[in-house]
Amino acid sequence: MKKSTNTLLFVLGFFLCCLFSGCAAPPQPMGEDAPFIAKTFPNEYDEVWEATEEIVAKDLMIPIKANDKEKGVIRTDWVSIIRMRGTLRWYIKIVLERDDNNTRVKIYDHEEEPFSEKAAVEKMKKKDKINTGWQKSQEKIPEVNEILNMLSSRLGE
């Protein structure tokens, strides 16, 4: 009886460690070479910044994790979607750049889906990587284009 209790506690502890270590995966950095979509608006920086913040937070109701107006960066929090074909999670990073009387908006997106069993086993074999339980997805989210379309509409383009 004592042996089965110890085994049960070990399995339960292992399961909880795996569960909590996979939930807080750090986002992959989006460097200058990461793919993005962009559009330049013939509007002042402050006007584009305010419209972008409003579209993301109020119109699309995407939670903002961090924003720095001086650096021109808006980073959304992770958004998770449960679909028929499986779970997907994503976040968006928006960078605004000043250019005379124009403002360029660059939108980076990062989508992830859970590892398949085969992919998880392969990743666990590699000692240099942490198994987060998530892998980069090829799927693209429509919110990225919606932000630029709504900005165009709101700023009179």
Side-chain angles (χ1 to χ4, degrees), residues 16-120 122-124 126-157:
L16 290 174
C17 287
C18 291
L19 178 68
F20 290 120
S21 68
C23 292
Q28 301 297 319
M30 289 190 219
E32 291 299 318
D33 59 337
F36 61 89
I37 64 171
K39 186 168 185 175
T40 302
F41 296 93
N43 302 73
E44 294 291 329
Y45 179 85
D46 289 335
E47 182 182 2
V48 178
W49 176 268
E50 288 173 20
T52 304
E53 261 191 331
E54 188 172 311
I55 288 168
V56 171
K58 293 182 180 172
D59 297 343
L60 297 176
M61 296 190 299
I62 303 170
I64 294 177
K65 181 175 184 175
N67 58 351
D68 187 334
K69 189 174 181 178
E70 287 185 27
K71 291 182 181 177
V73 177
I74 297 173
R75 162 67 162 79
T76 70
D77 206 349
W78 285 103
V79 176
S80 296
I81 304 168
I82 299 173
R83 312 161 299 165
M84 292 296 287
R85 62 185 178 274
T87 304
L88 180 76
R89 73 178 187 174
W90 54 268
Y91 70 90
I92 297 171
K93 178 180 169 187
I94 304 169
V95 178
L96 280 72
E97 299 172 341
R98 301 169 201 245
D99 181 30
D100 295 327
N101 290 336
N102 297 326
T103 305
R104 184 171 189 213
V105 177
K106 294 174 20 176
I107 304 177
Y108 300 85
D109 58 313
H110 183 86
E111 297 84 5
E112 293 183 351
E113 57 193 6
F115 275 118
S116 65
E117 278 189 44
K118 183 178 179 183
E122 289 301 315
K123 188 169 182 183
M124 287 173 68
K126 297 178 182 176
K127 301 285 185 207
D128 61 332
K129 300 214 176 188
I130 297 171
N131 183 5
T132 64
W134 295 89
Q135 65 187 354
K136 180 93 172 97
S137 174
Q138 299 304 313
E139 186 169 339
K140 294 295 177 188
I141 54 168
E143 284 80 359
V144 173
N145 290 319
E146 283 182 48
I147 292 169
L148 285 182
N149 292 338
M150 292 173 86
L151 273 172
S152 295
S153 174
R154 187 152 307 163
L155 297 173
E157 283 234 340

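Scope of the values below: all heavy atoms of this structure, side chains included, with no hydrogens, waters or symmetry mates.
In this structure, Pro35 and Tyr108 have side chains that are not in contact, with every pair of non-hydrogen atoms separated by 4.5 Å or more. A 4.5 Å side-chain heavy-atom check between Tyr91 and Lys65 finds every atom pair outside the cut-off.
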Discussion item. Evaluate Ile94 against Ile92 for side chain to side chain contact (heavy atoms under 4.5 Å, CB included), listing each step before the verdict.
Written reply: CA-CA 6 Å; Ile94 304 169; Ile92 297 171; 3.7 Å; yes
Verdict with reasoning, Val95 to Lys93, per side chain to side chain contact (heavy atoms under 4.5 Å, CB included)
CA-CA 7 Å; Val95 178; Lys93 178 180 169 187; 3.9 Å; yes
### Task
Apply the test side chain to side chain contact (heavy atoms under 4.5 Å, CB included) to residues Val144 and Ile141: give CA-CA distance (whole Å), side-chain angles for both, the deciding distance (0.1 Å), then the verdict.
CA-CA 6 Å; Val144 173; Ile141 54 168; 4.0 Å; yes
Stepwise side chain to side chain donor-acceptor pair (under 3.5 Å) test for Lys39 and Ser152: CA-CA 9 Å; Lys39 186 168 185 175; Ser152 295; 2.6 Å; yes
Would Ile81 and Thr87 count as a side chain to side chain contact (heavy atoms under 4.5 Å, CB included) if you check the C-alpha gap in whole Å, the side-chain angles of each, and the deciding distance to 0.1 Å?
CA-CA 6 Å; Ile81 304 168; Thr87 304; over 6 Å; no
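Contact detail for Leu151 and Val48: the closest heavy-atom pair is CD2-O, 4.3 Å. Here the shortest heavy-atom pairing between Thr103 and Asn43 reads OG1-O, 2.9 Å. The two residues Trp49 and Asn67 come nearest to each other via the heavy atoms CZ2-CB, 4.0 Å. What you find for Arg154 and Ile55 is that their closest heavy atoms are NH1-CG1, 3.3 Å. Taking each heavy atom of Leu88 and Glu112 in turn, the nearest pair found is CD1-O, 3.3 Å. Considering all non-hydrogen atoms of both residues, Leu60 and Glu143 come closest at CD1-O, 4.3 Å.
Taking the six-membered ring where tryptophan is involved, the planes of His110 and Trp78 are perpendicular, since the angle between them exceeds 60° and thus also 30°.
A distance of 12.5 Å separates CD1 of Ile37 from NZ of Lys106, quoted to the nearest 0.5 Å. Atom CG in Leu96 sits 5.0 Å away from atom OG1 in Thr52 (nearest 0.5 Å). In this structure, OG1 in Thr40 is found 7.0 Å from CG in Asp99, a value given to the nearest 0.5 Å. If you take CD1 on Ile62 and OG1 on Thr76, they are separated by 6.0 Å, rounding to the nearest 0.5 Å.
Between the side chain of Asp68 and the main chain of Lys71, a donor-acceptor pair closer than 3.5 Å is present. Looking at Ser137, its side chain never comes within 3.5 Å of a backbone N or O of Glu113 through a donor-acceptor pair.
Pairs engaging residues 43-52 under the salt bridge (Lys or Arg N to Asp or Glu O under 4.0 Å) rule: Asp46-Lys69 [sequence neighbours left out]. Applying the salt bridge (Lys or Arg N to Asp or Glu O under 4.0 Å) test to residues at least two apart or on different chains, the pairs with a partner in residues 76-86 are Arg83-Glu139, Arg85-Glu139.
Counting non-hydrogen atoms of other residues, nucleotides and ligands closer than 6.0 Å to CG of Asn101 gives a total of 12 or fewer.
Under the rule for a side chain to side chain contact (heavy atoms under 4.5 Å, CB included), the partners of Arg98 that lie at least two apart in sequence or sit in another chain are Tyr45. Checked against side chain to side chain contact (heavy atoms under 4.5 Å, CB included), Lys58 has the following partners two or more places apart in sequence or in another chain: Glu54. The side chain to side chain contact (heavy atoms under 4.5 Å, CB included) search around Ala57 returns Ile64, not counting sequence neighbours. Contacts of Trp90 classified as side chain to side chain donor-acceptor pair (under 3.5 Å), with partners at least two apart in sequence or in another chain: none. For the salt bridge (Lys or Arg N to Asp or Glu O under 4.0 Å) test, residues two or more places apart in sequence or in another chain that qualify with Lys136 are Glu111.
Arg104 forms no cation-pi arrangement with Phe41, by the criterion of a distance under 6.0 Å to the ring centre and an angle within 45° of the ring axis.
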